[in-house]
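Scroll down for the structure; my scribbles are underneath it.
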Amino acid sequence: MREKAEQLERALQQLQQTQAQLVHTEKLSALGELTAGIAHEINNPINFIDANISYARNYVRDLLGLVNLYAKYYPNPVEEIQEEIETVELDFLSEDLPKLLSSMKVGTDRICVIVSSMRNFSRLDTDGMNFASIHEGIDSTLLILQHRLKANGKSPAIQLIKEYDDLPLVECYAGQLNQVFMNIISNAIDVLRDSSNSSVAGVQKNLLTIQISTEVAEGDRAVIRISDNGPGMTEEVKDKIFNHFFTTKPAGKGTGLGLSISSQIVREKHCGCLECLSGLGEGTEFVISLPIRQQRLETSRLVEMQEAI
């Protein structure tokens, strides 16, 4: 009976894991397709505008140069032209129009960066593992979440501290790791917002902070640390944090899948480690450790040698 009960328990756990994976895969696929679609639709018109702003700046410069040349050789125009010059405020227009075009160029450059980040975040990893920049993935995620870091009517802005080491490219499923970063950082933002709004003891309202650091560790591993100065969690909660469908959020606001799937992505897909360090009143830190290069080929050769022996 005990053996059958253990088998049923393992089967139930496997069923829950499969269900969670299916839900996550569908959610990630839909999010990736939506983000990629929006990025594609924005990319074409913004590239057109961005390219033509350069021509417009040159045209405006030439026309204003011609106007100044006219003013040099015909300093006393007829009354009708003089009135029009005063009406359109030619001096102000000549000074402000180039600034206006420069501001437009800054805006289009910003949109191009956002589109690039959206396309980077929405990688579907259809080609398998590739070498990718961890920093680029984190920055793309932060750009998408930037609006949530700003101050709102109920709580102050969340300060972001980044301490990046000189990481090499890491062999990984970049899109899946971006989802891990999204889950962990989103949870940190939620915790800080909730604690600030409810005046939880131990949290300084004006110093809500998320810190992200990277480093190369022994054994050729990339380590990413994401921490917040929120209220932290009890040992009981910390022990369950990676369980499927476990959530501390109110009903309807959390599925309990984000961290469990993140753990699965890091551990099973990347042979890495995802650890949660936290104490009540001490904030929370998630530590992601990944091999910089996967050892599939070396492992395969070792197995073949052992079989030959």
Side-chain angles (χ1 to χ4, degrees), residues 24 27-51 53 102-125 130-152 155-170 172-193 196 208-215 222-230 258-259 261-262 265-266 285-286 288 290:
H24 171 74
K27 179 181 177 181
L28 183 59
S29 176
L31 176 62
E33 290 180 6
L34 175 64
T35 306
I38 293 174
H40 177 74
E41 291 301 321
I42 296 175
N43 191 57
N44 289 334
I46 200 61
N47 280 342
F48 173 81
I49 295 171
D50 186 63
I53 284 178
S102 295
S103 296
M104 292 173 64
K105 176 63 175 172
V106 171
T108 56
D109 287 345
R110 176 64 175 168
I111 296 174
C112 288
V113 170
I114 294 173
V115 169
S116 177
S117 295
M118 291 174 67
R119 295 174 71 175
N120 177 60
F121 178 81
S122 63
R123 292 177 180 176
L124 298 179
D125 301 319
N130 290 289
F131 284 93
S133 169
I134 294 295
H135 296 159
E136 187 176 294
I138 295 173
D139 289 340
S140 298
T141 305
L142 289 173
L143 189 59
I144 293 174
L145 292 172
Q146 189 176 42
H147 68 286
R148 298 192 58 201
L149 297 172
K150 296 179 180 178
N152 56 44
S155 58
I158 296 175
Q159 182 182 8
L160 181 65
I161 301 174
K162 294 192 296 184
E163 296 179 351
Y164 288 169
D165 197 0
D166 186 18
L167 282 187
L169 298 181
V170 174
C172 62
Y173 294 106
Q176 294 186 31
L177 282 185
N178 289 344
Q179 189 65 30
V180 173
F181 301 147
M182 173 70 76
N183 288 333
I184 294 176
I185 298 172
S186 292
N187 282 345
I189 293 173
D190 289 339
V191 166
L192 291 176
R193 290 296 182 211
S196 175
L208 306 181
T209 303
I210 293 177
Q211 183 168 350
I212 304 174
S213 64
T214 62
E215 62 179 332
V223 177
I224 304 101
R225 300 177 184 274
I226 303 173
S227 61
D228 65 67
N229 66 336
L259 289 179
I261 294 298
S262 295
I265 289 173
V266 172
E285 180 179 56
F286 286 90
I288 305 168
L290 304 168

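Note that the structure is a prediction, hence the values are computed from the model and not measured.
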Subject >> side chain to side chain contact (heavy atoms under 4.5 Å, CB included) between F181 and I288, worked out >> reply: CA-CA 10 Å; F181 301 147; I288 305 168; 3.9 Å; yes
Original post:
Does CG belonging to D166 count more than 12 external heavy atoms closer than 6.0 Å?
Top reply: no
Original post:
Do D109 and V113 have side chains that get closer than 4.5 Å, going by heavy atoms?
Top reply: no
**OP:** Might you point out which heavy atoms bring V191 and G230 nearest each other, and give the distance in Å?
**Re:** CG1-CA, 4.4 Å
**OP:** Kindly compute the distance separating NZ (K162) from CD1 (I138), expressed to the nearest 0.5 Å.
**Re:** 8.5 Å
Subject >> Smallest separation among heavy atoms of N178 and G137, with atom names >> reply: OD1-CA, 3.2 Å
Subject >> Closest contact, heavy atoms only, L192 versus L208 >> reply: O-CD1, 4.1 Å
Subject >> Heavy-atom side-chain proximity of V180 to N183 below 4.5 angstrom >> reply: no
Original post:
side chain to side chain contact (heavy atoms under 4.5 Å, CB included) between R193 and I158: does it pass, once the steps are laid out?
Top reply: CA-CA 9 Å; R193 290 296 182 211; I158 296 175; 3.9 Å; yes
Original post:
So, for R110 and L143, which heavy atoms are closest and what is the spacing to 0.1 Å?
Top reply: NH2-CD1, 3.3 Å
Original post:
Would you say F48 has more than 12 foreign heavy atoms packed within less than 6.0 Å of its CZ?
Top reply: no
**OP:** Classify the side-chain pair T214/D165 by whether it contains a donor and acceptor separated by less than 3.5 Å.
**Re:** no
Original post:
So, are R225 and E163 salt-bridged, with charged N and O less than 4.0 Å apart?
Top reply: no
Original post:
Is any side-chain heavy atom of L160 closer than 4.5 Å to a side-chain heavy atom of Q211?
Top reply: no
**OP:** Evaluate the side chain to side chain contact (heavy atoms under 4.5 Å, CB included) criterion for residues I134 and Y164: first the C-alpha distance (whole Å), next the side-chain angles of each, then the deciding distance (0.1 Å), finally the verdict.
**Re:** CA-CA 10 Å; I134 294 295; Y164 288 169; over 6 Å; no
Subject >> Minimum side-chain heavy-atom gap L177-L290 below 4.5 Å >> reply: yes
Original post:
Looking only at atom types and distance, does a side-chain atom of D50 sit under 3.5 Å from a main-chain N or O of I46, one as donor and one as acceptor?
Top reply: no
Original post:
Is there a donor-acceptor contact under 3.5 Å from the side chain of T108 to the main chain of K105?
Top reply: yes
Original post:
Is there a donor-acceptor pair closer than 3.5 Å between any side-chain N or O of T141 and the backbone N or O of M182?
Top reply: no
Original post:
Any side-chain heavy atom of L145 sitting closer than 4.5 Å to one from S186?
Top reply: yes
Original post:
How far apart are the C-alpha atoms of I212 and I161, what are their side-chain angles, what is the distance that settles it, and do they pass the side chain to side chain contact (heavy atoms under 4.5 Å, CB included) test?
Top reply: CA-CA 6 Å; I212 304 174; I161 301 174; over 6 Å; no
Subject >> Contact summary for E215 and L167, nearest pair of heavy atoms >> reply: O-CD2, 3.5 Å
Original post:
Does some side-chain heavy atom of S213 sit less than 4.5 Å from a side-chain heavy atom of I226?
Top reply: no
**OP:** Any chance you could measure I210, atom CD1, to L149, atom CG, to the nearest 0.5 Å?
**Re:** 6.0 Å
Original post:
Which atom pair, heavy atoms only, marks the closest approach of L169 to F131?
Top reply: O-CD2, 3.8 Å
**OP:** Look only at the side chain of N229 and the backbone of T209, and say whether a donor-acceptor pair between them is shorter than 3.5 Å.
**Re:** yes
